[in-house]
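Read through the structure below, which is laid out as structure tokens, and then see the notes.
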Amino acid sequence: MVAEYSWLIPVFPLASFVLILLFGGRLREGGGHLAVAAVGASMLLSLAVISHVVRFGSYESRGISWFGSEAFRFGVLVDPLSAVMLFVVSFVGFLIVVYSLGYMHGDPGVQRYYAEISLFIASMLSLVIANNLVFMFISWELVGLCSYLLIGYWYRKPSAASAAKKAFLVTRVGDILFLAGILVVYREFGTLNLSEVFELAPGVATATLTLASLLLFGGAVGKSAQFPLHVWLPDAMEGPTTVSALIHAATMVKAGVYLVARMYPLFTPESLHVVAWIGGITAFIAASMAVVMTDLKRVIAYSTVSHLGFMTLALGVGGYAAGIFHLLNHSFFKALLFLSAGAVLHAVHSQDIRDMSGLWRRMPVTGTAFFIGAWSLSGLPPWSGFWSKDEIMAAVHSYSTPLFWLTAVTALLSAVYIWRLFFIVFTGRESEQAKHAHEAPLVMRIPLIILSLGALFSGFVVFAGFGEFVQGALEHAPEAAEHASGSVMLLSILLAATGTGLAALTYYRPVISAARVRRALAPVHTLLVNRYYLDHLYYFFATRVVADSARALRGVDEFIVDGTVNGTGRAAVCSGRKLRLLQSGVVQDYASWVLAGAFLLLVIAGLIGGGV
Amino acid sequence: MLQYLILLPLAGAIASYFAGRQSSSAPRIVALAVSVATLGIAAAVLRAAPAQGFMKEQLSLSWIPSLDIGFTLGADALSAALVGLTALLVLVSVLASWDVEHRSGSYHAYLLCMLAGLMGVFTALDLFLFFLFWEIVLIPAFMLVNGWGGENRKYAAMKLLIYTHLGSLLMLVGFLLMYAQTHTFSMLEMRQLLGGESMEYRTLVFLLVFAGFAFKIPLVPFHSWLPDAYSQAPTPVTILLAGVLSKMGAYGLVRVALGILPAEFAVFAKAIAIMALVTVFYAAFCALAQNEVKRLLAFSSLSHMGFLVLGVASLSFIGMKGAIFQMVSHGLIIALLFFCAGMLAARGYELRISRLGGVLRSSPLLGWVIVFASMASLGLPGLSGFVAELSILLGLFREYPVLAGIAVLSLPLTAGYYLWFLQRSIYGGDAGLRRSGVTMVEFLPVAVLVALITLLGVYPAPFMELVGSIAGQLVNAVGGG
């Protein structure tokens, strides 16, 4: 039975990590081919395991004792949910590693790159197939480590080192909530094994479940860059673009959404309500910021945040399958957008979209790929993004009206920002930089083509029973949201079309002047460009509150605590000089001191000894 | 077998002293040979430990019969773990001292004396003997800081001496009070005999003994000797101060305070936990504001020792296992960190964080080892520090959910000061030094420590099983679970 070997899935890239770490310097491309082979092997095995799950259902192994205690048995759990995620991670991961062969060619630190990417994919795969919360948490932190190392890949750039630190610390805040969630689960359930936890969940008090699930959701907020911890993701674009595509779009940032989906049986209606609103708010504010940013990768990053918000929202309103469906589709079209953006950066050597214009003629393949990605993302029919967004909107519609309108506005903004990007970068007059642009090599184009096919057609799995398949991961599946009613679907199409039209009228055939809109909405524009001042607030907290109180405490330590100690020392020396005067040489004096001392001792003995 | 753990280093100390009169490089060979041999014996003790159960006499000689003082030694899993850690870290320290030329005979003699004393502390089953070894450790530590330390060594050494002596004094008074009632120094008998004494009496004894250990670990506010001693001591000695000497306090807390006076410990457990929690945060904040590498590491070490005490104070099975795990894990990690600090200094880097920079550029391997060690120290899963922190938190949360909730908040703080340090000194900046490699004498200890930290972190089950029964007995004595 092939599922029995699923534990091997993360082992291949792990082996590749160790080998590249030790011998990568002697391999060609710093061990890139080894990484491709290892991830390819993982992918093939994953596909076999997935087909097993599709045909025969879930598989779980008992695992090995990690800690010398039954609560910590680390094994494998593959069910429909992990199957979907397994597919995304191994398949998209494989394409991106192949693309890296071209993209990272000639970089001096490429050995480190492939070692870290291998470790990342290994940890991400083990996160997906883990059957124990602690096992998940370990993998969760390791993917965070890899993200940190890869954001800071060009560590000599101060902005990269700083972004890496920010990413690690902000997600760490979420991680401790996750950890606290584990503490609650262990205390209340006595086990951390997922299927045992799910079995016991119905018998646990609702308040406890709400607390545990909200804490776990805190972890998701950090990892999946949800409001208010979304601030690290746009900065994370300092890493190589392949890293942005793999870690910060297709896989790791999905881990939070995956965690919510995985732990779904613990979520109560109260906690789901929080999940839904956080998701909705995240989707909206990120989309609004994406409209005004001028850095190519940052716009896509904000778009990622926004779409992660959509997935969270979907899970929150009970659209379990819709959320996972969007996760799948998003992985394709967002990886595609990032990789084509990478090809653009490769050619133009700038990240600012104001330096780019009219690239279509020089880079038709990249342009087409970006076009497909944009089309899919904007939610225009008939490609993948449309189908999942539509299901999400239907689910939100039956949940809450205010949330539905928030989502509707966000959907409109989605179309605006992505087409704005496309029109600015690829259409119009050729800019100076664009004149020297050239198409990417074959090894980069093939993954683009495959991802394009995915972005186009992955939406159609919904007609092959995707929803029912994913619901199979849950014992008590929520009522599947009714399929999009005609009016919601119509509205959704209308919004996407309006957004597209607005972007076209502003940036393709400039009927509307972007500058005039900016002036008219100056306060809003300032607010958005300053990212709602959240980064400022956090910066203030880190430097003025934490660092300053640390300095203050250090002052206390050095002057007051140490000062007291040194003062006591000096006092002892001084009193020694004074006490010398007691040595008067008069016997009567000594005798009276002896008496006083004996009396004192008796008193002490009486007090503590209790008549010894 | 246990007596050789003490006798061999003592003999080595004498040999090293005389070898130093012949040539300045001979003592290090003696020290190396002795510490390797001691490590061999320690390994055998560790192998035999599971069969030893809980505190059993393995060697018992009548020593001062009139006072019922015996030369009794024993090693259960807890002792054996610390014996192994000590032997390993002394070897690391000897290798880190490879370049010491100044009065090298005395230097290595003191190191080996310290080794002997430490082994005695961790295996003594007689309180008088325990105290004797405790003092034997202190004197070489003082001499080493005083004689081979940094600019401010006299002050640091004196502070270390006075502070630890004050602690020892309180502890001694506690021991004598116990003796006065039970007329024995045997740890094994004392617990039963003390059971009959009055509550107030035992409380007083407990507080005295606890204070002695609190000075040594140390806990805030008894910590003020630590940053000076750690930063002024020669780096190989700092490795031992932070890696093993701090464990004397922790070991005493578990073996004596909890082992002999479990009921009193239970009464004060919450207070001790709060004190430990204050230590964790106080030290973490201070670490954030340091601008010298060794002081940063000193406060970091203090903070992690606070975590260890949290585990003990939880009086839960899993928390106790975590605390014992932390003794070893913290020892390995802090030793690696200080070893790296020594390597930096040997390459001519200034250890002021504002001056230190570009380590990855000029010494890539060393730079990555520092990244690794920092990650281990901030509790990255997959490495040993995480296992300890996780089990301590799990245990603490069962008994004191609020305290555990607060303790969790320290984790981003720890990550903060390490990452900020890495950003400023390892990735960024540039000290303008030429590229340099790593010698074999440096590479070996680094490789061993890295391997052990990883191994314990990836698969802690064997170690947890080793210390499981002893943790269980310690906790059962107070009726915890």
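Below, chain A is the first sequence line, B the second, and so on; all start at residue 1. Please read all numbers here as calculations on a predicted model, not as lab measurements. Basis for what follows: all heavy atoms, side chains included, without hydrogens, waters or symmetry-related copies.
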* How far apart are the C-alpha atoms of Y186(A) and L390(B), what are their side-chain angles, what is the distance that settles it, and do they pass the side-chain contact (heavy atoms from CB on, under 4.5 Å) test? -> CA-CA 11 Å; Y186(A) 182 71; L390(B) 175 74; over 6 Å; no
Please classify the contact of [X] with chain B as side chain, backbone, both or neither, using a heavy-atom distance under 4.5 Å.
X: L149(A); result: side chain
X: Y148(A); result: side chain
X: S162(A); result: both
X: L553(A); result: both
X: N566(A); result: side chain
X: I138(A); result: both
X: V134(A); result: side chain

For [X] and [Y], work out which heavy atoms get closest and say how close.
X: R172(A); Y: P412(B); result: CG-CA, 3.9 Å
X: A461(B); Y: S65(A); result: CB-O, 3.7 Å
X: C286(B); Y: D557(A); result: SG-CB, 4.0 Å

For [X], is it the side chain, the backbone, both or neither that has a heavy atom under 4.5 Å from a heavy atom of chain A?
X: M158(B); value: neither
X: L466(B); value: neither
X: I426(B); value: neither
X: R295(B); value: side chain
X: V458(B); value: backbone
X: L409(B); value: both
X: L393(B); value: both

* Checking side-chain contact (heavy atoms from CB on, under 4.5 Å) for the pair D228(B)/D562(A): CA distance, chi angles, key distance, verdict? -> CA-CA 10 Å; D228(B) 290 310; D562(A) 246 18; 3.8 Å; yes
To the nearest 0.5 Å, how far apart are [atom1] in [X] and [atom2] in [Y]?
X: F72(A); Y: I318(B); atom1: CZ; atom2: CD1; result: 4.0 Å
X: E558(A); Y: Q290(B); atom1: CD; atom2: CD; result: 6.0 Å
X: F137(A); Y: F386(B); atom1: CZ; atom2: CZ; result: 5.5 Å
X: I560(A); Y: S224(B); atom1: CD1; atom2: OG; result: 13.0 Å
X: L179(A); Y: L394(B); atom1: CG; atom2: CG; result: 7.5 Å
X: L383(B); Y: E141(A); atom1: CG; atom2: CD; result: 11.0 Å

Within the distance-only criterion (no hydrogens, no angle test), does the side chain of [X] pair as donor or acceptor with the backbone N or O of [Y] below 3.5 angstrom?
X: W420(B); Y: K165(A); value: no
X: R187(A); Y: F397(B); value: yes
X: R554(A); Y: A289(B); value: yes

* Asked: Parallel, tilted or perpendicular for Y427(B) and Y155(A), by the 30°/60° rule?
  ->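 Ring orientation, 0 to 90° scale: tilted.
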* **Non-hydrogen side-chain atoms of Y282(B) and V561(A) separated by less than 4.5 Å** =>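 Side-chain contact under 4.5 Å: yes.
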* Asked: Can you tell if the side chain of L380(B) reaches within under 4.5 Å of the side chain of L142(A), non-hydrogen atoms only?
  ->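 SC-SC contact between L380(B) and L142(A) confirmed.
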* Aromatic ring proximity F67(A)/F325(B), centre distance under 6.0 Å ->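 Centroid distance F67(A)-F325(B): not below 6.0 Å, so no.
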When heavy-atom pairs shorter than 4.5 Å are enumerated against chain A, which of [options] gives the highest number?
options: L422(B), I162(B), V387(B); answer: V387(B)
options: Y417(B), F463(B), Y459(B); answer: Y459(B)
options: P381(B), G457(B), S391(B); answer: P381(B)

* To do: Decide if atom CH2 of W7(A) counts as having more than 12 heavy atoms of other residues, nucleotides or ligands within a radius under 6.0 Å.
  =>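 No, not enclosed.
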* Asked: Passes side-chain contact (heavy atoms from CB on, under 4.5 Å), L177(A) versus V408(B)? Steps please.
  -> CA-CA 8 Å; L177(A) 295 176; V408(B) 168; over 6 Å; no
* V546(A) and L413(B): CA distance, side-chain angles, deciding distance, side-chain contact (heavy atoms from CB on, under 4.5 Å) verdict -> CA-CA 9 Å; V546(A) 178; L413(B) 217 52; 3.9 Å; yes
